[in-house]
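Right, one structure below, let's go through it.
In what follows, every chain begins at residue 1, and chains take the letters A, B, ... in the order their sequences are listed. Heavy-atom basis, side chains included; hydrogens, waters and symmetry copies ignored.
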Number of protein chains: 2
Amino acid sequence: MSDERTITFTNALRQAGLRLTPQRLAICRALANHPSHPTAAELFEQLRADFPTLSLATVYTTLSTLLALGLIHDLGSAGDGTLHYDPDTEPHVNLICTRCHQISDLGDETLAAVSQRVARRSGYEILGARIAYYGICPTCAKHSSRGASGRR
Amino acid sequence: MSDERTITFTNALRQAGLRLTPQRLAICRALANHPSHPTAAELFEQLRADFPTLSLATVYTTLSTLLALGLIHDLGSAGDGTLHYDPDTEPHVNLICTRCHQISDLGDETLAAVSQRVARRSGYEILGARIAYYGICPTCAKHSSRGASGRR
DNA sequence: ATGCATGCAAACTCTTTGCAAACGC
DNA sequence: GCGTTTGCAAAGAGTTTGCATGCAT
């Protein structure tokens, strides 16, 4: 699968002078192969099976480390009160359902043009992008029709 | 200034069958005239002068209400651990400095095209957008050159 | 062998909730 | 007057931190 991405992660860690512990490797691997936009707790639960002693604190620490190295992005909360991370640092659109709080992705060629304009017009040194559209996903739209729901 | 926007807010509250309390009016007004992307705590501090008895809980509740009505947007955290809100629901780009955590805006005509494509291709009923580019703002870039900083 | 990283638990911060009093409608 | 909303305080949740032990280099 995306073992390449795992290698990218681990190489970056080594280059930063950080130790490649089994925990870090596992977290990198889990992120690289994760199909979605996990939270710290989700990664923790997933890795718990293989690392019974793994601590949630370690997951948080490692995520912060990877974030600081720019290997992953912080999506902020999806309305569910917890922070989601995105292992895909390429510019893409996040689709966030305000009903089920699920996040899915969407690529768009027009985005590259937008990114270039943003960089040029803002004077920012762009490090990454978080592009999120909020709405009701087709599945939720089918299932029911609750009124506007609060957060969390 | 944007008294129009204040009126939009208050009208929406009335239409939703909610009472127009002084607190809600003040919060709507503060949001409508706010130049940036305030947090609950910032609004609370700002309004405290005029409403000594105002409670932070009320600010949170009112923000949730306005959010549910779609009158404001939830920007999530800007890397500072607190939730920021955006009184401007028109599609625009948020520029977030990963160093000073300040958020500024940028309009772009190309965005309208992106939004349309997103809606068409995703099948989502788009309720709003959060488009954020992370980077170092020109001011911070000038001032110094600290290494990658953690969150909060 | 040398420290950096982990794990545990406690601390901290932000946000939400319960309930009695107050007030808009 | 009725029922929602406020204010206070305490609870709840997510995230971070301190310190002793363990492990990658």
Side-chain angles (χ1 to χ4, degrees), chain A residues 9-28 30 37-45 47-48 50-69 72 74-85 101 149-152, chain B residues 9-28 30 37-45 47-48 50-69 72 74-85 101 149-152:
Chain A
F9 283 1
T10 53
N11 278 346
L13 284 174
R14 306 192 88 103
Q15 281 184 23
L18 299 169
R19 293 183 182 167
L20 187 56
T21 64
Q23 294 89 338
R24 281 180 176 162
L25 176 60
I27 292 171
C28 285
H37 310 81
T39 64
E42 282 167 5
L43 288 172
F44 175 62
E45 281 303 324
L47 295 171
R48 199 172 214 179
D50 299 310
F51 287 82
T53 79
L54 181 66
S55 164
L56 183 54
T58 301
V59 177
Y60 275 108
T61 309
T62 304
L63 285 172
S64 291
T65 303
L66 294 174
L67 198 63
L69 292 174
I72 60 176
D74 175 359
L75 292 181
S77 100
D80 57 357
T82 67
L83 298 176
H84 291 254
Y85 294 86
H101 301 304
S149 65
R151 303 192 327 90
R152 181 159 302 193
Chain B
F9 282 0
T10 53
N11 278 346
L13 284 174
R14 305 192 89 102
Q15 281 184 24
L18 299 169
R19 293 183 182 167
L20 188 56
T21 64
Q23 294 88 338
R24 280 181 177 160
L25 176 61
I27 292 170
C28 285
H37 309 81
T39 63
E42 282 167 6
L43 289 172
F44 175 62
E45 281 303 324
L47 295 171
R48 200 172 213 178
D50 298 309
F51 287 82
T53 78
L54 180 66
S55 163
L56 183 54
T58 301
V59 177
Y60 275 109
T61 310
T62 304
L63 285 172
S64 291
T65 304
L66 294 173
L67 198 63
L69 293 174
I72 59 177
D74 176 0
L75 292 182
S77 99
D80 57 357
T82 66
L83 297 175
H84 290 254
Y85 294 85
H101 302 304
S149 66
R151 301 192 329 88
R152 184 159 298 196

CD of A:Gln15 to OG1 of A:Thr10, rounded to nearest 0.5 Å, is 10.0 Å
What is the distance from atom CZ of A:Arg19 to atom CG of A:Leu25, rounded to the nearest 0.5 Å? 16.0 Å
Report the distance from atom [atom1] of [X] to atom [atom2] of [N], rounded to the nearest whole Å.
X       : N      : atom1 : atom2 : answer
A:His84 : D:dT15 : NE2   : C1'   : 14 Å
B:Leu54 : D:dT5  : CG    : C1'   : 12 Å
A:Phe51 : D:dG22 : CZ    : P     : 18 Å
A:Arg14 : D:dA24 : CZ    : P     : 12 Å
A:Glu42 : D:dT15 : CD    : P     : 11 Å
B:Leu20 : D:dG3  : CG    : C1'   : 17 Å
A:Asp80 : C:dT15 : CG    : P     : 14 Å
A:Phe44 : C:dG7  : CZ    : C1'   : 10 Å

Give a yes/no on whether any side-chain N or O of [X] is located under 4.0 angstrom from OP1 or OP2 of [N].
X       : N      : value
A:Gln23 : C:dG7  : yes
A:Thr58 : C:dG7  : yes
A:Thr21 : D:dA24 : no
A:Ser55 : C:dC8  : no
B:Arg24 : D:dT6  : yes

Counting distance alone, no hydrogens or angles: does the base of D:dT25 have a donor or acceptor under 3.5 Å from a partner atom on the side chain of A:Arg19? no
Do A:Ile72 and A:Phe9 have side-chain heavy atoms sitting under 4.5 Å apart? yes
So if I take every side-chain heavy atom of A:Ala57 and compare against D:dT17, C:dT16, C:dG7, which nucleotide ends up nearest? D:dT17
Side chain to side chain contact (heavy atoms under 4.5 Å, CB included) assessment of B:Leu18 paired with B:Arg24: CA-CA 10 Å; B:Leu18 299 169; B:Arg24 280 181 177 160; 3.7 Å; yes
Closest heavy-atom pair, B:Leu66 versus B:Cys28, reported as atoms and distance to 0.1 Å, is CD2-SG, 4.2 Å
Identify, between B:Ala41 and A:Thr53, the residue whose nearest nucleotide on DNA chain C lies closer to the 5' end. A:Thr53
